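This one's a predicted model, so the numbers in the text were calculated from it and none came from an experiment. Both backbone and side-chain heavy atoms feed into the values below; hydrogens, waters and symmetry mates do not.
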Amino acid sequence: MGVKMREFLTNSVYFGVIISLAGYILGLKMNHTFKSNLCNPLLISIIFVMTVLAIFRVDYDNYNSGAKILSYMLTPATVCLAIPLYQQLELLKKNIKAVFFGILAGMFSSLISVLALAYLFRLSHEQYVTLLPKSITTAIGFGISEELGGITTITVAVIIITGVLGNMIAEMICKIFRIHHPVAVGLALGTSAHAIGTAKALEIGEIEGAMSSLSIAVCGLLTVIGASVFANFL
């Protein structure tokens, strides 16, 4: 029975899409039921997919052949982030200096923290540059890691973990440090937790989402330069 089920799942074109969406829907329901940041829909869906693949012993390549349909939707979804930014264009113009220096501060905070922890835990140069792009979107972070000689697969995993954690603890951190201004909240989420953080910012408010979507692009470009410089420090 197990072999037949595995063959059925392996040969199913939409298997990857179905379990990915099922995991996310499960996460949404758990988040709605328990009202806990630990029940993050993305985190739940990742655990759900990993569990299904492990139980039925389905290869990742077979899963991804169907799930990649969802990946194709990432580009138009990312482009759509420009809509809330356009709607808040006047606010952006009024706070342009604060926005620029806020993103710059976020970028330096990320790079300096990685450098400090690399020295503390005596990481190798390869391990160090692998972690440098942890707070930017996967597409840019992958390229930076590859260019600097890092381990790209670990870089992708670290970027995802950073985004999920940022999404989960964002509101708690803002409450602890009394960060209430929507522009500040949006910039913090975008520079620290990239697209996954932006999803949380959009849940909080339109201004937060707009500032966070801007941060993804600007912080990514600045990190390309910053990571190349910081790579020489270890």
Transitive ILVMFWY side-chain link [X] to [Y], under 4.5 Å:
X: Val156; Y: Met50; value: yes
X: Val224; Y: Leu115; value: yes
X: Leu123; Y: Tyr119; value: yes
X: Ile47; Y: Ile160; value: yes
X: Ile179; Y: Ile169; value: yes

> Checking side chain to side chain contact (heavy atoms under 4.5 Å, CB included) for the pair Val114/Leu111: CA distance, chi angles, key distance, verdict?
Replying inline: CA-CA 5 Å; Val114 172; Leu111 296 177; 5.9 Å; no

Can you name the nearest heavy-atom pair linking [X] to [Y], along with the distance?
X: Gly186; Y: Ser215; value: O-OG, 4.2 Å
X: Met211; Y: Val183; value: CG-CA, 3.9 Å
X: Val129; Y: Ala231; value: CG1-CB, 4.0 Å
X: Ala199; Y: Asn167; value: CB-ND2, 4.3 Å
X: Gln88; Y: Ala210; value: CG-CB, 3.7 Å
X: Ala227; Y: Leu148; value: O-CD1, 3.9 Å

Going from [atom1] on [X] to [atom2] on [Y], what distance comes out if it is rounded to the nearest 0.5 angstrom?
X: Tyr63; Y: Ile18; atom1: OH; atom2: CD1; result: 12.0 Å
X: Ile144; Y: Leu132; atom1: CD1; atom2: CG; result: 8.5 Å
X: Ser113; Y: Lys134; atom1: OG; atom2: NZ; result: 4.5 Å
X: Ile207; Y: His181; atom1: CD1; atom2: NE2; result: 8.0 Å
X: Leu221; Y: Ile140; atom1: CG; atom2: CD1; result: 6.0 Å
X: Leu131; Y: Ile154; atom1: CG; atom2: CD1; result: 8.0 Å

Any donor-acceptor N/O pair, [X] side chain to [Y] backbone, under 3.5 Å:
X: Ser212; Y: Glu208; result: no
X: His125; Y: Leu234; result: yes
X: Ser110; Y: Met107; result: no
X: Asn64; Y: Tyr60; result: no
X: Ser145; Y: Phe142; result: no
X: Asp59; Y: Asp61; result: no
X: Ser124; Y: Gln127; result: yes
X: Thr152; Y: Glu146; result: no

> Does atom CZ of Phe233 have more than 12 heavy-atom neighbours from other groups under 6.0 Å away?
Replying inline: yes

>> I need the single residue from Thr198, Ile216, Ile204 that forms a side-chain contact (heavy atoms from CB on, under 4.5 Å) with Leu189. Which is it?
In response: Ile204

Return all side-chain donor-acceptor pairs below 3.5 angstrom for residues 24-35, not counting sequence neighbours, or 'none' if the list is empty.
residue	atom	partner	partner atom	Å
Asn31	ND2	Ser36	O	3.4
Asn31	ND2	Cys39	O	3.1
Thr33	OG1	Lys29	O	2.8

> How about Val99 and Leu92: do any of their side-chain heavy atoms sit closer than 4.5 Å?
Replying inline: yes

> Is the Phe230 ring parallel, tilted or perpendicular to the Phe108 ring (thresholds 30°, 60°)?
Replying inline: tilted

>> For Lys175, give me all partners under side-chain contact (heavy atoms from CB on, under 4.5 Å), at least two apart in sequence or on another chain.
In response: none

